[in-house]
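When a ligand or atom number is given, it counts from 1 through the structure's own listing order. Atoms considered below: every heavy atom in the structure, side chains included; atoms not considered: hydrogens, waters and symmetry mates. Just so it is clear, the model here is predicted, and its values are computed rather than measured.
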Amino acid sequence: MARRRASPRRAGSGEPSPERGSEPVELKGIPASPGVSIGRAFLLDSEEVAIPKQAVAPSAIPQEIARFEEALLQTRKEIMDIQEKISKELGLEHAEIFNAHLMFLEDRAFIEEVVQRLKEEQLCVEYIFSEVLRKYVQAFSKVEDEYMRERASDVDDVGRRILRNLTGLKRLSLAELTQPVIVVAYDLSPSDTATMHRQHVIGFITDIGGRTSHTAIMAKSLEIPAVVGLQAATQRILPDDLIVVDGSSGTVIVNPDPTMLKHFEELKKRLESLDQALLRVKDLRAETPDGHRVHLAANIEFPEEIPSVIAHGAEGIGLYRTEFFYLNRSDFPSEEEQFEAYRHVAKAMAPHPVIVRTIDLGGDKFMSELRVPREMNPFLGWRAIRFCLARPDIFKVQLRAILRASVFGKIKLMYPMISGLEELQAANRILEEMKQELAREGKQVDPNLEVGAMIEVPSAALILDLLAKEVRFFSIGTNDLIQYALAVDRVNEKIAYLYEPTHPAVLRLIRQIIQVAHENGLWVSMCGEMAGEPALALLLLGMGLDSFSTSPVNVPRIKQVIRSVSTFRAKEVVKEIFRLTTGKEVEAFARARLCELVPELCDP
Ligand code: PEP
Ligand code: MG
């Protein structure tokens, strides 16, 4: 989640906005948070700090140094204020993101280099500071090591803050917005999202980021339509341009013509009234018209999402992605800190179950503190359970915290990315060891704690009967299962057209997982994005999936599908789709059947 931005620009060197007239422009990105927003653009990164290159008299050097020290103090105060605000609103772990910024403010080598060059070059401190800053940011951002590159964005962030204090320029912060805007940014930092004025930010669009980027996650949990990974949005959009964000399809329209505007205004109205109408099913059971009960849960990344989970009528948490605890910070979360978070979630959701997934670091989720070397194929590399088994010191702390929290509600524990039996057995051995350790310490643990495995690697799907002996449930992680089954990198936009949940190979795998799990007496959930797509949920229902887990905002739609379609009908649809031969055919067929069976969810 490193932010890679240019270092401060010299005065007058702002980039022109390329090849744009007043014609509407359509940009395609990655859908990050559903819904439509229409509003004026607020370019977060467009404001540049103009830096004069002025000579100063030798007698004025002490004054320049004093200004520099004042700016450092002012910056420290600002960061500490933000830390306090975030700590109150979102919890201590989010506030600790700023420790790296505070450390930079005390970096003797950096401060001394600025002072030394000031004395030698006799130019104003803004100019000298920006030169030294640029050198540092460039040096950090060129190194291969992910940890060092993340330091570059920290240095860049704090450096901009110091420069604004030196030049006396104020950056309009997202907390100070007074009108509704669509935020357009290269990326949004955790401090941007945490401090923004929630009523006035009606949409996000960013140049970088994927489905799991901090921005996407926050947008979804705040229910703000968002599109990420647009690549050049900040260059193609000017402040105050009229923007349409369609977060469901990943489309952004810049300066729409009246026909387009009318289309999206109507779409927005239809989606809003649909959302409103669907909330009526919030407290109703996820049960088919012929009485088949399905479990419908939500995915979360942070405990702060629980109000949204409850508001959308989910019956528990089907996936708690705990690795977010470890990201954006410079130390490891302690057992106590994790225990508090897991206990809070378990208590808030009781009597509903909470499936806590052990950390899935690696792939596209890195923790800078680990200094994991760059890998050629990170998704095929040192990731998730592989990482945990290699670092039992880190794994054990988390297992102890989960086990201790298990007596405060209905926690279930799940391992990510299991690819073979030995891995699962090794993880269970460590879990057993931790249970015994806690028993010796007189600490209580739920004796019936259920343990499950994510099925997201094709090898695991093919040996499900063997894995079934070691666990009580399975959860299908289609985000990864699809990428591994089809050999399609899930974050590479160039081959996104090949990433097909409806590919017959994927459907055969899913059907087999459900069948074999049931033959072995186990229940199966799905927590990948596929479970949140109404047309696909129809197929999953027909295949006999026991539990669906998706973003809280998708829960009412999936409940509506379940409540509208009998298992008999859903099975018929499945029979028919297995006669089809391509992903595109299956998708078109599933959509058509959804339109017939649940017309209110037919493409609005
Ligand atoms: C998945 O792979 O489907 C999944 C739910 O896990 P993640 O998206 O966190 O990899
Ligand atoms: Mg996964």
Side-chain angles (χ1 to χ4, degrees), residues 1 30-33 209-214 216-217 220-221 228-229 297-302 305 314 316-327 354-367 377-388 398 412-419 423-424 427 452-461 473-492 496 499-503 506-507 509-510 513-514 524-533 536-537 540 545 547-552 554-555 558:
M1 283 204 248
I30 299 166
S33 178
R211 203 185 53 76
T212 55
S213 66
H214 180 91
I217 289 153
K220 232 183 240 176
S221 71
V228 299
N299 294 350
I300 62 164
E301 284 75 27
F302 303 109
E305 289 170 86
I317 309 288
L319 169 65
Y320 178 5
R321 288 184 167 101
T322 57
E323 56 276 7
F324 283 85
F325 227 129
Y326 291 68
L327 301 176
V354 173
I355 302 183
V356 182
R357 179 176 74 180
T358 58
I359 43 174
D360 183 2
L361 287 169
D364 59 348
K365 290 175 272 191
F366 299 97
M367 185 190 182
N377 294 300
F379 276 117
L380 302 182
W382 203 43
R383 190 191 155 188
I385 198 69
R386 302 167 179 187
F387 165 79
C388 284
Q398 183 178 38
K412 297 170 197 262
L413 184 149
M414 169 164 87
Y415 307 119
M417 226 199 149
I418 293 290
S419 64
E423 247 170 1
L424 184 51
M454 283 198 73
I455 302 300
E456 42 189 354
V457 181
S459 60
F473 68 91
F474 293 114
S475 185
I476 309 173
T478 43
N479 303 342
D480 280 313
L481 186 65
I482 296 168
Q483 80 162 344
Y484 296 134
L486 304 180
V488 180
D489 183 338
R490 71 191 244 191
V491 296
N492 184 338
Y499 189 93
E500 287 183 309
T502 49
H503 191 295
V506 173
L507 297 177
L509 268 174
I510 293 171
I513 293 168
I514 298 172
V524 199
S525 176
M526 179 180 288
C527 57
E529 294 299 294
M530 188 174 174
E533 275 284 319
L536 306 180
L540 298 168
L545 188 73
S547 171
F548 293 68
S549 191
T550 180
S551 309
N554 292 334
V555 166
I558 302 305

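- In this structure, the side chains of Thr322 and Gln398 come closer than 4.5 Å at one or more pairs of heavy atoms.
- For the pair Ser475 (side chain) and Met454 (backbone), a donor-acceptor distance under 3.5 Å is absent.
- With contacts defined as side-chain heavy-atom distances shorter than 4.5 Å, the pair Gln483/Glu456 does not qualify.
- Listed by atom number, the atoms of ligand 1 under 4.0 Å from Arg383 heavy atoms are 10 (O).
- Under the 3.5 Å distance criterion, the side-chain polar atoms of Glu305 are matched with a main-chain donor or acceptor of Glu301.
- To the nearest 0.5 angstrom, Ile455 atom CD1 is 8.0 Å from Ile476 atom CD1.
- Side-chain atoms of Glu323 and Phe387, non-hydrogen and from C-beta on, never get closer than 4.5 Å to each other.
- Not a single donor-acceptor pair under 3.5 Å links the side chain of Asp360 to the backbone N or O of Arg321.
- Of the possible polar contacts, one joining the Arg386 side chain to the Gly381 backbone as a donor-acceptor pair under 3.5 Å is found.
- Side-chain contact between Tyr499 and Val506 is absent, with no heavy-atom pair separated by less than 4.5 Å.
- Proximity of Glu301 to ligand 1, defined as any heavy-atom pair under 4.0 Å, is not found for any part of the residue.
- Of all atoms in ligand 1, numbered sequentially from 1 with element shown, those under 4.0 Å from a heavy atom of Gly477 are 1 (C), 2 (O), 3 (O).
- Atoms of ligand 1 lying under 4.0 Å from at least one heavy atom of Cys527, given by number and element, are 5 (C).
- Looking at Met417, Arg490, Met530, it is Arg490 that brings a heavy atom closest to atom 8 (O) of ligand 1.
- Neither the backbone nor the side chain of Glu529 comes within 4.0 Å of ligand 1, counting heavy atoms alone.
- Note on the Mg ion (ligand 2): protein N/O/S atoms under 2.8 Å are Glu456 OE1, Asp480 OD2.
- For the pair Ser525 (side chain) and Phe548 (backbone), a donor-acceptor distance under 3.5 Å is absent.
- The Leu319 neighbourhood of ligand 1 comprises atoms 5 (C), with distances under 4.0 Å to a heavy atom of that residue.
- When non-hydrogen atoms are compared, ligand 1 lies under 4.0 Å from the side chain of Asp360 (C-beta onward) but not from its backbone.
- By the 3.5 Å distance cut-off applied to N or O atoms, Arg357 is counted among the residues near ligand 1.
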